[in-house]
S.K.: 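Sharing a structure with you now.
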Amino acid sequence: MANPIIRGVSSLTRFSGRDRRRQFWPYAGVVIALSYGLMMVFGVAAMAPMITAMTDYAAANPEHATVTTGPGHYEVSIDAAAPGAPSPDFLPFLTVVGAVALIAVVLLSAAVSRRLHDTGRTALWGLAPLPFLTFGLVVTPMMMGNFMGEAEPNFALFGLLFLNNVVYMAALVGLIAVLCLATKPGPNRYGEEPA
């Protein structure tokens, strides 16, 4: 199959074999671009009710809110102690981010496996970033809830999440570097060299 995007979609469940860089990267690029597009579209839709509630509250209670506008800028500040003040709820947005990340992982997993096989490595290398991604997606809503609802935020949780994200980025960059390596010439234990 000449088109790497069609090939990637048609091989979603094929974890064996090998893929060259030119077979992997166009497909991966499309999946990543679509993932960010979905996060933006559905993320804005998930945040819209919270933004509407805050804007409506500010309009109805100007004594408890400050609205600042400017070119390309709109800000609503609400006194959290005011009666009936809406509190930010980031869980819908974080749920969208988690769902899109899961979809991207599913769409890329077989292609990453085949690309790693092409470099002579086991597909287990592709799992390196996943524990840190999962930890971040689970702990971020807990940290946001803690910071929004507690007078004394848990900075240890924030530090742990920050450290997790640094390690996640290092694992992800390392995986990307391995995925960029050239084809290992000749047959290897994962199959013949791709044409």
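The chain is numbered in sequence order, starting from 1. Every heavy atom of this structure was used, including side-chain atoms; hydrogens, water molecules and symmetry mates were not. Small disclaimer: the values here were computed from a predicted structure and weren't measured.
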S.K.: Can you check whether Val100 reaches Met39 side chain to side chain, under 4.5 Å on heavy atoms?
M.R.: yes
S.K.: Which atoms form the tightest heavy-atom contact between Ile78 and Ala65, and what is the distance?
M.R.: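 That closest heavy-atom pairing would be CG1-CB, 4.2 Å.
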S.K.: I need the Asn3 CG to Ser10 OG distance, nearest 0.5 Å.
M.R.: 9.5 Å
S.K.: Mind checking whether Val173 and Ile176 have side chains closer than 4.5 Å, heavy atoms only?
M.R.: no
S.K.: Could you check if a side-chain atom of Pro88 sits within less than 4.5 angstrom of a side-chain atom of Met50, using non-hydrogen atoms only?
M.R.: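 Yes, close enough: below the 4.5 Å cut-off.
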S.K.: Under the criterion side chain to side chain contact (heavy atoms under 4.5 Å, CB included), I'd like the reasoning laid out for Val106 against Leu12: C-alpha separation, chi angles, the key distance, then a yes or no.
M.R.: CA-CA 8 Å; Val106 167; Leu12 284 176; over 6 Å; no
S.K.: With hydrophobic residues grouped by side-chain heavy-atom distances under 4.5 Å, do Val166 and Leu137 end up in a single group?
M.R.: no
S.K.: Tell me the closest heavy-atom pair linking Val76 and Ala58, and the distance in Å.
M.R.: CG1-CB, 3.7 Å
S.K.: How long is the gap from CH2 on Trp125 to OG1 on Thr119, to the nearest 0.5 Å?
M.R.: 8.0 Å
S.K.: Is it true that Glu193 and Arg20 have a side-chain N and a carboxylate O under 4.0 angstrom from each other?
M.R.: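 Judged by the 4.0 Å cut-off on N to carboxylate O distance, Glu193 and Arg20 do form a salt bridge.
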S.K.: Would you compute the distance between atom CG of Leu124 and atom CG of Leu116 and round it to the nearest 0.5 angstrom?
M.R.: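 Rounded to the nearest 0.5 Å, the CG-CG separation comes to 9.5 Å.
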S.K.: Evaluate the side-chain proximity of Tyr74 to Val67: yes if any heavy-atom separation is below 4.5 Å, no if none is.
M.R.: yes
S.K.: Do any N or O atoms from the side chain of Asn154 and from the backbone of Leu157 form a donor-acceptor pair under 3.5 angstrom?
M.R.: yes
S.K.: If every non-hydrogen atom of Cys180 is compared with every non-hydrogen atom of Trp25, which pair is closest and at what distance?
M.R.: SG-CZ2, 3.7 Å
S.K.: Got a second to check how far Thr122's OG1 is from Arg189's CZ, nearest 0.5 Å?
M.R.: 6.0 Å
S.K.: Would you name the heavy atoms of Tyr57 and Pro83 that are closest together and state the gap between them?
M.R.: OH-O, 3.0 Å
S.K.: Hey, any chance Leu172 and Tyr36 share a hydrophobic cluster, counting ILVMFWY side chains that come within less than 4.5 Å of each other, even indirectly?
M.R.: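 In one cluster: yes.
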S.K.: Are the side chains of Val96 and Leu38 in touch, meaning some heavy atoms are under 4.5 Å apart?
M.R.: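 No. Closest side-chain heavy atoms not under 4.5 Å.
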S.K.: If you group Ile, Leu, Val, Met, Phe, Trp and Tyr by side-chain heavy-atom gaps below 4.5 Å, do Ile32 and Val178 land in one group?
M.R.: yes
S.K.: Using the rule that Ile, Leu, Val, Met, Phe, Trp and Tyr join whenever any side-chain heavy atoms are under 4.5 Å apart, tell me whether Ile103 and Val44 fall into a single cluster.
M.R.: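 No.
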S.K.: Step by step, work out the side chain to side chain contact (heavy atoms under 4.5 Å, CB included) result for Val139 and Leu160.
M.R.: CA-CA 9 Å; Val139 173; Leu160 182 63; 5.9 Å; no
S.K.: Starting from the C-alpha separation in whole Å, work towards a yes-or-no answer on side chain to side chain contact (heavy atoms under 4.5 Å, CB included) for Phe15 and His117.
M.R.: CA-CA 9 Å; Phe15 288 81; His117 290 167; 5.6 Å; no
S.K.: Does CD belonging to Glu63 count more than 12 external heavy atoms closer than 6.0 Å?
M.R.: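 More than 12 within 6.0 Å, yes.
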S.K.: Can you measure from CE (Met143) to CZ (Phe162) and round to the nearest 0.5 angstrom?
M.R.: 11.5 Å
S.K.: Check whether any side-chain heavy atom of Arg18 lies under 4.5 Å from a side-chain heavy atom of Thr183, and answer yes or no.
M.R.: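 Side-chain contact under 4.5 Å: yes.
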S.K.: State plainly whether the residues Asp118 and Arg21 are in salt-bridge range, i.e. N to O under 4.0 Å.
M.R.: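 The answer is no: the pair does not qualify as a salt bridge.
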S.K.: Please find the pair of heavy atoms, one from Ala123 and one from Ser113, that lie closest to each other, and give the distance.
M.R.: CB-OG, 3.4 Å
S.K.: Look up atom OG1 in Thr140 and atom CZ in Phe93, then write down how far apart they are to the nearest 0.5 Å.
M.R.: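 Here the interatomic distance stands at 10.5 Å.
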S.K.: What are the two closest non-hydrogen atoms of Leu107 and Tyr27, and how far apart are they?
M.R.: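 Distance-wise, the nearest heavy atoms are O-OH, 2.7 Å.
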S.K.: Can Leu179 and Phe24 be said to form a side chain to side chain contact (heavy atoms under 4.5 Å, CB included), step by step?
M.R.: CA-CA 9 Å; Leu179 292 171; Phe24 172 77; 3.9 Å; yes
S.K.: Does Leu102 belong to the same Ile/Leu/Val/Met/Phe/Trp/Tyr cluster as Val30, with side-chain heavy atoms less than 4.5 Å apart forming each link?
M.R.: no
S.K.: Side chains of Arg115 and Arg121: does their closest heavy-atom pair fall under 4.5 Å?
M.R.: no
S.K.: Do Phe132 and Asn165 come close enough that some side-chain heavy atom pair is under 4.5 Å?
M.R.: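 No, side chains not in contact.
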S.K.: Starting from the C-alpha separation in whole Å, work towards a yes-or-no answer on ring-ring contact (aromatic ring centres under 6.0 Å, His included) for Phe147 and Phe155.
M.R.: CA-CA 9 Å; Phe147 270 61; Phe155 284 103; 5.4 Å; yes
